[in-house]
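Chain letters run A, B, ... following the sequence lines, proteins first and then strands; every chain starts at 1.
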Amino acid sequence: MKEKLLEIFNRLYERFGPQHWWPAKTRDEVVIGAILTQNTAWKNVENALDNLKDNGLLELKKLYKMDTETIKELIKPAGFFNQKAEYLKNISKFFVENRGFEELSKLDTKALRQKLLNVKGVGKETADSILLYAFEKPISVVDAYTKRLVKRHKLCECSNYDEIQNLFMENLPLDEELFNEYHALIVKLAKEFCRKKPICNGCPLEGI
DNA sequence: CACCAGGAATGTA
DNA sequence: TACATTCATGGT
């Protein structure tokens with residue numbers, strides 16, 4: 001299995017090259033984007049992020065102080081704006097009350113993950129995305145594409161989040177850069193190929 | 001027109 | 001524990 005997961009990674013990396021995720025300048029932007037992209041096309045998230053940036057709100061501290069109604073209007077392009085505005089308030093409050101990234105980085109990954117999960121609006125995938133791309137912790141992010149990949153290539157019988165995450169983390173070196181690229185490459189693969197059919201013309205994973 | 005996109009919370013059995 | 005429903009905009 002170790003060889004299999006590495007072969008998949010190598011093929012994706014050879015085809016697409018490094019993805020340099022997360023597509024954001026600041027860690028605040030990673031966190032905000034992680035909330036906004038929940039079940040939403042990234043293009044729509046970009047529009048919402050631009051709106052926030054134009055109003056100087058692409059910072060957790062600023063969002064913490066801004067009224068929810070204003071946030072709703074600005075993030076509308078990302079959909080689910082009623083709940084996402086509330087979630088952004090929750091996560092920004094969390095970072096302000098915990099003195100930001102520096103202090104939170106002192107916690108071990110497991111404890112930090114649990115604290116993130118306690119924030120209403122942060123589920124497992126969002127928490128792990130923040131841990132990997134904002135805190136640079138070596139952790140596997142499992143999204144719908146990852147589940148589909150595992151199922152199609154029969155990497156294991158499982159379908160729930162924890163089992164698939166363990167599959168990757170127990171069979172790969174715990175390297176932050178590896179998990180960073182692996183998740184980004186799976187998303188890249190999904191966008192380029194295999195959205196509807198298991199086998200697509202030119203798919204880099206043919207034969208695996 | 002239907003369907004989906006870098007999910008999570010809530011309710012039901 | 002395992003599903004079903006709800007949330008909402010914008011592209012295909």
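Following rounding to the nearest Å, A:Ile186 (CD1) and B:dA5 (C1') show an atom-to-atom distance of 17 Å. Atom pair A:Gln83:CD and C:dT5:P shows a separation of 17 Å (rounding to whole Å applied). A:Leu36 has its CG atom 15 Å from the C1' atom of C:dG10, to the nearest Å. Put simply, CG on A:Asp162 is 10 Å from P on C:dT1, counting in whole angstrom units. For the pair A:Lys147 NZ and B:dG6 P, the computed distance is 15 Å after rounding to whole Å. The separation between A:Asn39 atom CG and C:dA8 atom P is 12 Å, rounded to whole Å. Atoms CG (A:Asn47) and P (B:dA5) sit 18 Å apart, rounded to a whole Å. Atom NZ in A:Lys84 sits about 9 Å away from atom P in B:dG7, given to the nearest Å.
Among the nucleotides B:dG6, C:dT9, B:dA8, the one closest to any side-chain atom of A:Phe81 is C:dT9. Listed candidates were B:dG6, B:dA5, B:dG7. Nearest to the side chain of A:Arg148 is B:dA5.
Per the stacking criterion (ring centres < 5.5 Å, plane angle < 30°), A:Phe80 does not stack onto the base of B:dA8.
Under 4.0 Å is where a charged nitrogen must lie from a carboxylate oxygen, and between A:Lys53 and A:Glu29 no such pair does. Between A:Glu14 and A:Arg11 no salt bridge is recorded (no basic side-chain N to carboxylate O distance below 4.0 Å). Using a cutoff of 4.0 Å between basic side-chain nitrogens and carboxylate oxygens, A:Lys124 and A:Asp162 are scored as salt-bridged.
The number of heavy-atom neighbours closer than 6.0 Å to NZ of A:Lys72, taken from other residues, nucleotides and ligands shown, is above 12. Within 6.0 Å of NZ on A:Lys151 lie no more than 12 heavy atoms contributed by other residues, nucleotides or ligands. Taking a 6.0 Å sphere around CD of A:Glu97, one finds it holds more than 12 heavy atoms contributed by other residues, nucleotides or ligands.
For A:Tyr87 and A:Trp42, each mapped to the nucleotide of DNA chain B holding its nearest heavy atom, the one lying further toward the 5' end belongs to A:Trp42.
For the C1' atoms, the distance from C:dC3 to B:dG6 is 23 Å, rounded to whole Å. C:dT12 and B:dC1 have their C1' atoms separated by 12 Å, with the value rounded to a whole Å. Taking atom C1' on both nucleotides, B:dA2 is separated from C:dA8 by 16 Å, rounded to a whole Å. C:dT6 and B:dC3 have their P atoms separated by 16 Å, with the value rounded to a whole Å.
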Walk me through whether A:Arg27 and A:Glu136 qualify under salt bridge (Lys or Arg N to Asp or Glu O under 4.0 Å).
CA-CA 10 Å; A:Arg27 290 180 292 186; A:Glu136 300 182 356; over 6 Å; no

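If you check residues 120-138 of chain A against DNA chain B, the residues with a heavy atom closer than 4.0 Å are A:Lys120, A:Gly121, A:Val122, A:Gly123, A:Lys124, A:Glu125, A:Thr126, listed by number. Within residues 67-77 of chain A, the residues that place at least one heavy atom under 4.0 Å from DNA chain C are, in residue-number order, A:Lys76, A:Pro77.
For B:dA5, the OP1/OP2 oxygens have no side-chain nitrogen or oxygen of A:Asn44 closer than 4.0 Å.
A:Lys84 places a side-chain N or O within donor-acceptor distance of the main-chain N or O of A:Leu36, the cut-off being under 3.5 Å. No donor-acceptor distance shorter than 3.5 angstrom exists from the side chain of A:Asn98 to the backbone of A:Leu104, with no hydrogens or angles considered.
Note on A:Val119: only backbone sugar-phosphate atoms sit closer than 4.0 angstrom, heavy atoms only; bases stay farther off.
A donor N or O paired with an acceptor N or O is not found under 3.5 Å between the base of C:dG10 and the side-chain atoms of A:Lys43.
The CD1 atom of A:Ile139 sits 12.0 Å away from the NE2 atom of A:His183 when rounded to the nearest 0.5 Å.
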